[in-house]
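Quantities reported herein were computed from a predicted structural model and do not represent experimental measurements.
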Amino acid sequence: MSRSKLRWPFIAKLNPKSPITEAYKMLRTNIDFSNIESNVQTVMFTSTRMTEGKSVTTANIAVTYAQAGKKVLLIDADMRRSTQHQIFGVPNRSGLSSVLSNQCKLQEAILSTSVDHLSIIPAGPVPPNPSDMLASKRMESLMEQTKEMFDMILIDTPPILLVTDAQVVAANCDGTVLVIEPGSVKRDLALKAKASLTRVNARILGVVLNNVKRNGIEEHFYA
């Protein structure tokens with residue numbers, strides 16, 4: 001499989017010493033420290049609503065893990081409004097939905113990227129039943145197989161307050177990160193998102209406050 005070219009700028013790749021990149025690395029470090037009590041290999045990213053930056057956050061965290069020498073797989077489980085194939089410049093003719101519907105084999109859906117050690121499974125064609133697919137035995141099998149192949153698996157999912165997809169995935173992941181844009185998302189919605197994760201016994205590793213100004217600099221940081 002030929003390597004892709006990034007279509008969107010990655011701050012973690014283009015400017016590894018920027019404050020924003022350091023914030024992504026801080027998030028990676030916090031996830032790593034959560035390994036003390038139990039192993040964290042599969043991490044899901046979600047948000048309360050669209051346009052909070054969860055997909056870009058997931059992609060940049062994946063880059064920082066790959067830069068640290070980890071063998072990383074990014075799975076785009078947002079099969080309703082997929083983005084990761086656009087970010088990484090890979091085809092989306094087949095992907096997660098294709099594997100789960102038995103239209104292609106897992107190995108065929110895993111694509112290399114221009115970032116060393118980082119692979120991606122794009123979302124694939126939009127299926128009629130994303131939630132059912134993510135709750136299927138095939139998804140469970142896919143996760144088990146990929147855990148044998150990669151050090152870290154990061155999963156981009158739809159906003160948790162819009163559909164049930166993220167809850168389904170969270171129940172089978174080692175940890176979950178919630179991306180929130182303060183100022184545009186009210187406190188009660190953030191609490192509702194947290195409650196939705198708690199109901200499926202998801203392990204919340206932390207919250208990313210996105211597009212927050214600190215000392216006049218646009219930063220992403222972990223809280």
Side-chain angles (χ1 to χ4, degrees), residues 1 31 38-50 54-55 57-59 61-62 71-88 90-113 118-179 192-205:
M1 181 67 65
I31 292 173
S38 61
N39 184 51
V40 175
Q41 186 182 8
T42 57
V43 180
M44 185 198 85
F45 288 75
T46 189
S47 59
T48 61
R49 59 174 180 77
M50 295 185 293
K54 67 172 178 64
S55 295
T57 297
T58 308
I61 295 300
K71 191 175 182 182
V72 184
L73 176 66
L74 195 163
I75 300 176
D76 192 346
D78 191 344
M79 292 184 282
R80 302 169 192 268
R81 295 177 65 91
S82 58
T83 304
Q84 296 297 342
H85 68 284
Q86 297 175 341
I87 294 176
F88 285 95
V90 299
N92 195 40
R93 291 184 296 273
S94 61
L96 182 61
S97 63
S98 309
V99 177
L100 297 181
S101 61
N102 208 27
Q103 299 298 307
C104 78
K105 295 180 179 179
L106 174 59
Q107 288 286 3
E108 297 172 343
I110 299 175
L111 306 180
S112 60
T113 74
L118 176 55
S119 299
I120 178 176
I121 297 180
V126 179
N129 54 341
S131 296
D132 292 339
M133 280 188 159
L134 293 172
S136 68
K137 290 292 184 181
R138 281 190 177 143
M139 182 64 181
E140 185 178 331
S141 175
L142 180 148
M143 293 298 295
E144 290 303 316
Q145 291 180 66
T146 53
K147 283 194 287 186
E148 296 293 324
M149 301 162 61
F150 295 90
D151 300 319
M152 284 296 297
I153 300 169
L154 307 182
I155 308 171
D156 183 11
T157 64
I160 194 161
L161 297 183
L162 299 183
V163 290
T164 61
D165 302 23
Q167 284 181 296
V168 171
V169 175
N172 296 301
C173 285
D174 300 324
T176 297
V177 173
L178 182 61
V179 178
K192 187 176 180 181
K194 179 183 177 183
S196 297
L197 291 168
T198 302
R199 278 197 295 272
V200 294
N201 297 316
R203 181 182 177 192
I204 303 175
L205 301 178

In Å, rounded to the nearest 0.5 Å, how long is the span from [atom1] of [X] to [atom2] of [Y]?
| X | Y | atom1 | atom2 | result |
| --- | --- | --- | --- | --- |
| Met143 | Ile153 | CE | CD1 | 5.0 Å |
| Leu96 | Leu134 | CG | CG | 6.5 Å |
| Ile87 | Thr113 | CD1 | OG1 | 12.0 Å |
| Ile120 | Leu154 | CD1 | CG | 11.0 Å |
| Leu197 | Ile204 | CG | CD1 | 4.5 Å |
| Thr198 | Gln167 | OG1 | CD | 10.0 Å |

Does one side chain, of Arg138 or Ser141, offer a donor that lies under 3.5 Å from an acceptor on the other?
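Absent: no donor and acceptor within the cut-off.
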
State, with a plain yes or no, whether a side-chain heavy atom of [X] is found less than 4.5 Å away from one of [Y].
| X | Y | value |
| --- | --- | --- |
| Ile75 | Leu142 | yes |
| Gln84 | Ser55 | yes |
| Met149 | Gln107 | yes |
| Leu111 | Phe88 | no |
| Ser98 | Pro125 | yes |
| Leu205 | Arg203 | yes |
| Val168 | Met139 | no |
| Ser119 | Leu74 | no |

Among residues two or more places apart or on two chains, list those pairs meeting salt bridge (Lys or Arg N to Asp or Glu O under 4.0 Å) that have a residue in residues 164-175.
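Passing the test, one end in residues 164-175: Arg80-Asp165.
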
I need the minimum non-hydrogen distance between [X] and [Y], along with the two atoms involved.
| X | Y | answer |
| --- | --- | --- |
| Met133 | Ser97 | CE-O, 3.8 Å |
| Ser82 | Asp76 | CB-OD2, 3.5 Å |
| Ala170 | Thr176 | CB-OG1, 3.8 Å |
| Gln41 | Phe150 | NE2-O, 2.8 Å |
| Ala109 | Pro122 | O-CD, 3.5 Å |
| Ala123 | Asn92 | N-OD1, 3.5 Å |

Report the residues that fulfil salt bridge (charged side-chain N to carboxylate O under 4.0 Å, His left out) with Glu144, sequence neighbours left out, ordered by chain and then residue number.
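Glu144 satisfies salt bridge (charged side-chain N to carboxylate O under 4.0 Å, His left out) with Lys147 once adjacent residues are dropped.
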
Hey, mind stepping through Asn172 and Glu140 against side chain to side chain contact (heavy atoms under 4.5 Å, CB included) and telling me if it holds?
CA-CA 8 Å; Asn172 296 301; Glu140 185 178 331; 5.8 Å; no

Decide yes or no on side chain to side chain contact (heavy atoms under 4.5 Å, CB included) for Thr146 and Leu106, but give the supporting numbers first.
CA-CA 9 Å; Thr146 53; Leu106 174 59; 4.1 Å; yes

With distance as the sole test, does Lys54 use its side chain to make a donor-acceptor pair with the main-chain N or O of Thr157 at under 3.5 Å?
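Here the side-chain-to-backbone pair exists.
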
Please check if the side chain of Thr46 supplies one atom and the backbone of Ile160 the other of a donor-acceptor pair under 3.5 Å.
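Checked: pair present.
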
